[in-house]
Amino acid sequence: MKVNKKIFFKIHGWIGIRLSILFFIVCFSGTLATLSHEMDWLFIPAIRAVPQPELASRNLIMDNFRKAHPTGEVTFWLRTDEPYLCDIIYKEEGGQRTYVFANPYTGAIQGKAQLTFQRFFRDLHYFLFVPFQIGHFTVLIFGFLLLISLITALVFYKQWWRKLFELKMGNGPLVFFRSLHRLVGVWSVPFTLLFSITGIWYFMERANVAGVGDLGNPPVPVVASLKEGVQATDDAAKIDYDRAVALAKREIPGLVVGDISPKRGEAGLIYLTGKSDVPLVRQRANRVYIDPTTYQVVSSQNAKDIGMVRYLNDIADPLHFGNFGGLPTKIIWFFFGLGISGLVLTGIWITAKRKAIKRKKDNKPIMGGWRYVNWGFLALMLGFMYYFLFNRYSISLTAFATITAGWLLFVFGCHYLFVHQMEKSVQKALKKN
């Protein structure tokens, strides 16, 4: 049966121009999230740490935290894979969250922030700041759309594997952008496939398709002490963290403990995760639950012993963001993410330019009613974003100004490129005809 390539071409263009703004935001925010820890290092001096041979005692760090923030409640203790960053201790106080930076080598408390680049771009890429699962599934649907865009392009682009070094120049901007779009698209095939498949996996996990969500995320265990009415301490700062870390290492030989949740589940269990000698998997692949009233291990999971579904679930993040190989792989993922984001922009221009002349003659807008979908969702997203930034993070005026300036630059850039410049380009093409 002969394949009608025109249909695939139309589908490819439809996705690119009808969902253009949202598509670009999802791709570009994920690209920036890849190096968001490095942005924190660059712009937040207090988060920087100089790697040393020995790590400080966890109890020493918590003692210093308590001295600096005597009334703050610890809800999470993040130790990143990047050795040049401080630990980030999540502090809740007065209904507000603050990120406290603790040097893992000296134990010193070096500063704090209301919001980090990592948290902002992760939230933006994760759910676009839109609540009620709407934002999550909006982002995850683009995993399917990205895969469809890839498949349709490979079908209608003849012998694409022979065009790895073909870039046409000197024949006008439209020919150049078409050639550049195809060139970047061909080089990005493996990463486009990787990003789309992991995005689809995230969709299956969140929607619990075939029980993937339940199988990949085991429930928090319940301990007998809770049933007997014995409660764990309400003060996470009083936990013996060194003892808990030692127990976790004994439970999983070779474990390098990373993140700690001091009060997980109804029983307030100490929840520790970390890296072992199992490659690719995220920290949560190794997990240990400890009863803080008895300092007994309640439950554990060794990455060596997990089943296929849980293994796939735990390699999705490292593969999606490229952080499994440290800074070198993150840089590679970042540049290919930029390439895919550029594909969206050049694809919008190519498709819009092709249709613009006909629509201009008919006195119709290029994107039709879909421009309301794109700009309307953007307005909704920004409204929720500012709500979260002020109510959850209590951001400073400097952060507010920086974030607002970024979005204004994005909006005016889109308007300039796809309205002002497009209008000029269309008028020029009409005059030639």
Student: Does a donor on one side chain sit under 3.5 Å from an acceptor on the other, for Y126 and S29?
Tutor: no
Student: Would you mind checking if D277 and K304 are paired as a salt bridge, meaning a charged N to carboxylate O distance below 4.0 Å?
Tutor: yes
Student: Tell me whether the guanidinium CZ or amine NZ of R122 lies under 6.0 angstrom from the six-membered ring centre of F321 and within 45° of its axis.
Tutor: yes
Student: Would you mind checking if D123 and R119 are paired as a salt bridge, meaning a charged N to carboxylate O distance below 4.0 Å?
Tutor: yes
Student: Have a look at W187 and tell me which of F165, F336, F335 forms a ring pair (Phe, Tyr, Trp, His ring centres under 6.0 Å) with it.
Tutor: F165
Student: Given L280 and D314, is the side-chain contact (heavy atoms from CB on, under 4.5 Å) satisfied, shown in steps?
Tutor: CA-CA 8 Å; L280 280 182; D314 284 322; over 6 Å; no
Student: Would you call the rings of F28 and F24 parallel, tilted or perpendicular, taking 30° and 60° as the class edges?
Tutor: parallel
Student: Would you give the length of the straight line joining atom OG of S276 to atom NZ of K249, rounded to the nearest 0.5 angstrom?
Tutor: 13.0 Å
Student: What I want to check is whether the side chains of Y241 and R243 have a donor and an acceptor closer together than 3.5 Å.
Tutor: no
Student: So, the side chain of T329 versus the backbone of G322: is there a donor-acceptor pair under 3.5 Å, distance only?
Tutor: yes
Student: Check whether S396 reaches the backbone of A399 with its side chain - one donor and one acceptor, N or O, closer than 3.5 Å.
Tutor: yes
Student: Just checking, R58 and W77: is the charged tip under 6.0 Å from the six-membered ring centre and within 45° of the axis?
Tutor: yes
Student: Please check if the distance between the ring centroids of H320 and Y202 is under 6.0 Å.
Tutor: yes
Student: Any donor-acceptor pair under 3.5 Å linking the side-chain atoms of D81 with those of N323?
Tutor: no
Student: Under 3.5 Å, is there a donor-acceptor pair linking the side chains of Q96 and Y393?
Tutor: no
Student: Does the ring center of Y386 lie less than 6.0 Å from the ring center of W407?
Tutor: no
Student: With a 6.0 Å cut-off on the ring centroids, do F121 and H125 count as close?
Tutor: no
Student: I need the T75 OG1 to K91 NZ distance, nearest 0.5 Å.
Tutor: 10.0 Å
Student: Should the ring pair F142 and F23 be called parallel, tilted or perpendicular, given that the plane angle runs from 0 to 90° and is split at 30 and 60?
Tutor: tilted
Student: Should the pair K330-E82 be classified as a salt bridge under the 4.0 Å nitrogen-to-oxygen rule?
Tutor: yes
Student: Check I21 against N374 and note the closest heavy-atom contact, atom names and distance.
Tutor: N-OD1, 3.0 Å
Student: Check for me whether the distance between the ring centres of F65 and F101 falls short of 6.0 Å.
Tutor: no
Student: Flag the pair Y271 / Y289 as yes when their ring centroid distance falls below 6.0 Å, and as no otherwise.
Tutor: yes
Student: Ignoring hydrogens and geometry beyond distance, is a side-chain donor-acceptor pair present between Q110 and N103 at under 3.5 Å?
Tutor: yes
Student: Pairing donors with acceptors under 3.5 angstrom, does anything connect the side chains of D291 and T293?
Tutor: yes
Student: Main chain of L215, side chain of R310: is a donor-acceptor contact present, judged purely on distance under 3.5 Å?
Tutor: yes
Student: Taking only Lys NZ, Arg NE, NH1 and NH2, and the carboxylate oxygens of Asp or Glu, determine whether K263 and E73 approach each other closer than 4.0 Å.
Tutor: yes
